[in-house]
Q: 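Below you will find the structure I want to go over with you.
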Number of protein chains: 2
Amino acid sequence: MVHMKTASAEDTRWLTDEEQRTWRAYMHAVTLLEDHLDRQLQRDAGMPHVYYGLLVQLAEAPCRRLRMTELAMRAKITRSRLSHAVARLEKNGWVRREDCPSDKRGQLAVLTDEGYEVLARTAPGHVAAVRQALFDRLTPEQQKSLGEIMTILAEGLQPKEAGADLPWLR
Amino acid sequence: MVHMKTASAEDTRWLTDEEQRTWRAYMHAVTLLEDHLDRQLQRDAGMPHVYYGLLVQLAEAPCRRLRMTELAMRAKITRSRLSHAVARLEKNGWVRREDCPSDKRGQLAVLTDEGYEVLARTAPGHVAAVRQALFDRLTPEQQKSLGEIMTILAEGLQPKEAGADLPWLR
DNA sequence: GCTCACTTGTTTAACTTTCAAGAAGAGGGC
DNA sequence: GCCCTCTTCTTGAAAGTTAAACAAGTGAGC
């Protein structure tokens with residue numbers, strides 16, 4: 001079998017101790033930070049971090065509205081998840097749906113004034129939390145380094161178009 | 001009001017453009033990576049990343065068993081979440097519960113042979129996924145830097161004992 | 001115009017996570 | 001022993017997420 005697709009125990013390059021430590025520190029930190037911010041936003045804004053991110057995206061978009069698919073892509077979530085999320089935000093009165101004029105299949109998620117208010121009221125606390133948990137603890141060099149590293153990782157994981165990882169097909 | 005606890009819009013130190021970019025790159029990368037690994041493990045091992053982490057912790061523990069609270073702390077999840085998770089893993093036959101001999105309230109989560117097999121079979125693929133997504137893309141310097149940064153962040157977010165953030169009480 | 005493959009967004013059910021409440025035992029002080 | 005408080009773990013309901021299936025619309029090719 002020349003082209004094994006799955007790694008087997010024998011030919012696996014296990015993580016070195018150093019890599020192991022790095023990976024665990026990563027998982028540990030990322031878990032704690034997400035939990036921390038989720039709790040902070042649940043308490044102060046009454047919604048999870050992902051939902052807050054949706055409002056932010058809408059607030060930044062022209063006319064405070066986006067197509068569902070576009071919003072899903074920017075927020076890096078599935079359309080299904082977005083459907084549920086918008087349903088909830090709509091119930092809160094923070095988002096409203098509108099039909100897309102140019103595509104009858106389409107829906108626009110629109111940030112309501114009330115939604116904007118929530119954002120305006122809770123953003124300072126959220127920024128403070130991010131600052132306190134992240135930026136206040138890192139030197140400028142570390143911040144720069146973190147930015148570079150995360151950019152690289154994100155690029156490598158970008159949901160690829162078909163064949164993006166099959167160079168011989170391009 | 002001398003001691004404002006919540007930040008207001010006027011005195012908020014918003015993120016600079018640079019910080020903004022760093023923060024978004026972080027969120028972006030972390031989201032994509034967790035999704036990627038969750039999907040990989042769901043497909044190859046039939047469980048989410050967190051559950052896999054529980055099996056790993058048990059496999060490393062003496063006699064492949066741990067008290068529920070201890071396991072919850074190592075995995076950084078709540079005891080409640082762990083109860084549900086172990087119930088599911090028990091249904092799969094990968095974990096078994098035992099009474100703790102020294103404390104009648106206590107329960108031990110024990111990795112079964114079957115659970116160990118699952119781990120042995122799926123670990124190579126998981127390590128490969130982590131390598132491909134993370135280590136293969138970073139220089140040794142970046143790996144070192146990432147480790148340091150994540151260690152700092154994790155320390156700052158450690159679930160604190162009462163008063164840990166109140167220096168004048170210590 | 002018609003067809004066919006693809007896109008868009010929603011829905012359902014199964015599953016996971018959170019939150020609040022509670023049963024049961026441990027352990028110190030008296 | 002008895003009381004009181006704290007710890008341990010579980011439970012049930014509500015909220016959120018996922019995967020698969022589906023209705024409706026688009027658009028290219030003929």
Side-chain angles (χ1 to χ4, degrees), chain A residues 31-32 34-43 45-54 65-92 94-110 159 161-162, chain B residues 31-32 34-54 65-92 95-110 159 161-162:
Chain A
T31 304
L32 290 176
E34 182 58 21
D35 284 6
H36 182 66
L37 293 181
D38 246 336
R39 237 184 291 286
Q40 185 264 319
L41 280 172
Q42 192 67 59
R43 175 167 49 78
M47 65 188 136
H49 196 187
V50 177
Y51 289 26
Y52 180 88
L54 295 175
R65 70 195 57 212
L66 283 173
R67 284 287 294 270
M68 294 294 278
T69 295
E70 180 63 24
L71 179 51
M73 285 194 313
R74 295 198 190 187
K76 273 87 200 172
I77 63 176
T78 62
R79 287 197 302 275
S80 172
R81 188 175 177 183
L82 179 60
S83 269
H84 292 295
V86 168
R88 196 271 221 186
L89 292 172
E90 212 170 10
K91 218 175 295 180
N92 282 291
W94 299 338
V95 169
R96 168 168 38 88
R97 281 182 225 246
E98 276 181 18
D99 290 340
C100 175
S102 61
D103 184 339
K104 278 180 207 149
R105 295 167 303 179
Q107 290 280 103
L108 293 167
V110 186
E161 313 76 82
Chain B
T31 304
L32 290 176
E34 182 57 21
D35 283 6
H36 181 66
L37 294 181
D38 246 337
R39 235 183 295 286
Q40 184 263 318
L41 280 172
Q42 191 69 58
R43 175 167 50 77
D44 299 345
M47 64 188 136
H49 197 187
V50 177
Y51 289 26
Y52 179 89
L54 295 176
R65 69 197 57 212
L66 282 172
R67 283 288 295 269
M68 294 294 278
T69 295
E70 179 63 23
L71 179 51
M73 286 194 313
R74 294 198 191 187
K76 274 87 198 174
I77 62 177
T78 61
R79 285 198 301 274
S80 171
R81 188 176 177 182
L82 180 60
S83 269
H84 291 295
V86 167
R88 196 270 222 190
L89 292 171
E90 212 169 10
K91 219 177 294 182
N92 281 289
V95 168
R96 168 169 38 88
R97 281 182 224 246
E98 277 181 17
D99 291 340
C100 175
S102 61
D103 183 339
K104 276 181 206 148
R105 296 168 303 179
Q107 288 282 102
L108 292 167
V110 186
E161 313 78 80

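Only a predicted model underlies this, so the values are computations on that prediction, with no experimental measurement involved.
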Q: Nearest nucleotide by nearest heavy atom, which residue falls closer to the 5' end of DNA chain D, B:Thr69 or B:Asp35?
A: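 Its nearest nucleotide being more 5', the pick is B:Thr69.
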Q: In plain terms, say whether B:Lys76 and A:Asp35 are close enough for a salt bridge, that is, a side-chain N and a carboxylate O under 4.0 Å apart.
A: no
Q: Going from CZ on A:Arg88 to NE2 on A:His84, what distance comes out if it is rounded to the nearest 0.5 angstrom?
A: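 It comes to 14.0 Å.
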Q: Report the C-alpha separation of B:Gln42 and B:Asp38 in whole Å, then their side-chain angles, then the decisive distance to 0.1 Å, and conclude whether the side chain to side chain donor-acceptor pair (under 3.5 Å) test is met.
A: CA-CA 6 Å; B:Gln42 191 69 58; B:Asp38 246 337; over 6 Å; no
Q: Classify the side chain of B:Ser80 versus the base of C:dT17 as yes if they form a donor-acceptor pair under 3.5 Å and no if they do not.
A: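 Checked by distance alone, the answer is no.
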Q: A:Lys104 or A:Ala85: which one's nearest nucleotide on DNA chain D is closer to the 5' end?
A: A:Ala85
Q: Decide yes or no for A:Leu54 and A:Leu82: does some side-chain heavy atom of the first lie under 4.5 Å from some side-chain heavy atom of the second?
A: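 When only atoms from C-beta onward are counted, A:Leu82 and A:Leu54 do touch, with a gap below 4.5 Å.
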Q: Using the side-chain heavy atoms of B:Ser83, tell me which of these nucleotides is nearest: C:dG9, D:dT10, C:dA26.
A: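 Comparing C:dG9, D:dT10, C:dA26 against the side chain of B:Ser83, the answer is D:dT10.
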Q: What's B:Arg39 touching, base or sugar-phosphate or nothing? Going by heavy atoms closer than 4.0 Å.
A: sugar-phosphate
Q: If I take atom CG in residue B:Asp38 and atom P in nucleotide D:dT18, what distance separates them, rounded to the nearest angstrom?
A: 8 Å
Q: What integer distance in Å separates A:Tyr52:OH from D:dA15:P?
A: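 Whole-Å distance recorded here is 23 Å.
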Q: Let me confirm one number: the CG-NZ distance from B:Asp99 to B:Lys104, rounded to the nearest 0.5 Å.
A: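 It is 10.5 Å, given to the nearest 0.5 Å.
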Q: Look at the side-chain N and O atoms of B:Arg81 and state whether any lies under 4.0 Å from the OP1 or OP2 oxygen of C:dT16.
A: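 So the side-chain polar atoms of B:Arg81 never come under 4.0 Å of the phosphate oxygens OP1 or OP2 of C:dT16.
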Q: What is the distance, rounded to the nearest whole Å, between atom CZ of B:Arg97 and atom C1' of D:dT10?
A: 8 Å
Q: Tell me which nucleotide among D:dT8, D:dT26, C:dC19 gets nearest to the side chain of B:Arg105.
A: D:dT8
Q: Please state how far atom CG in B:Leu71 lies from atom P in D:dT7, giving the value in whole angstrom units.
A: 20 Å
Q: Side-chain N or O of B:Arg79 less than 4.0 angstrom from OP1 or OP2 on D:dT7?
A: no
Q: Tell me: CE of A:Met47 to P of C:dT18, nearest whole Å?
A: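 Atom-to-atom, A:Met47 to C:dT18, this comes out as 18 Å.
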Q: Calculate the interatomic distance between B:Met68 atom CE and C:dA24 atom P; express it in whole Å.
A: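 Interatomic distance, CE of B:Met68 to P of C:dA24: 18 Å.
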Q: When you measure only distances, ignoring hydrogens and angles, does the side chain of A:His84 come within 3.5 Å of the base of C:dG9 through a donor and an acceptor?
A: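 Counting by modelled atom types and ignoring angles, no donor-acceptor contact under 3.5 Å is found here.
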Q: Tell me which nucleotide among C:dG9, C:dA26, D:dT17 gets nearest to the side chain of A:Val50.
A: D:dT17
Q: Check this one for me: any side-chain N or O of B:Arg88 less than 4.0 Å away from OP1 or OP2 of C:dT16?
A: yes
Q: Which nucleotide sits closest to the side chain of A:Tyr51: D:dT10, C:dT16, D:dG16?
A: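 Of all the options, the side chain of A:Tyr51 is nearest to D:dG16.
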Q: In whole Å, I'd like the distance from the CZ atom of A:Arg43 to the P atom of C:dA20.
A: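 Distance, rounded to whole Å: 13 Å.
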Q: Take the protein atom CG of B:Leu82 and the nucleotide atom P of D:dT10, then report the distance between them rounded to whole Å.
A: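 The distance from CG of B:Leu82 to P of D:dT10 comes to 8 Å, rounded to the nearest Å.
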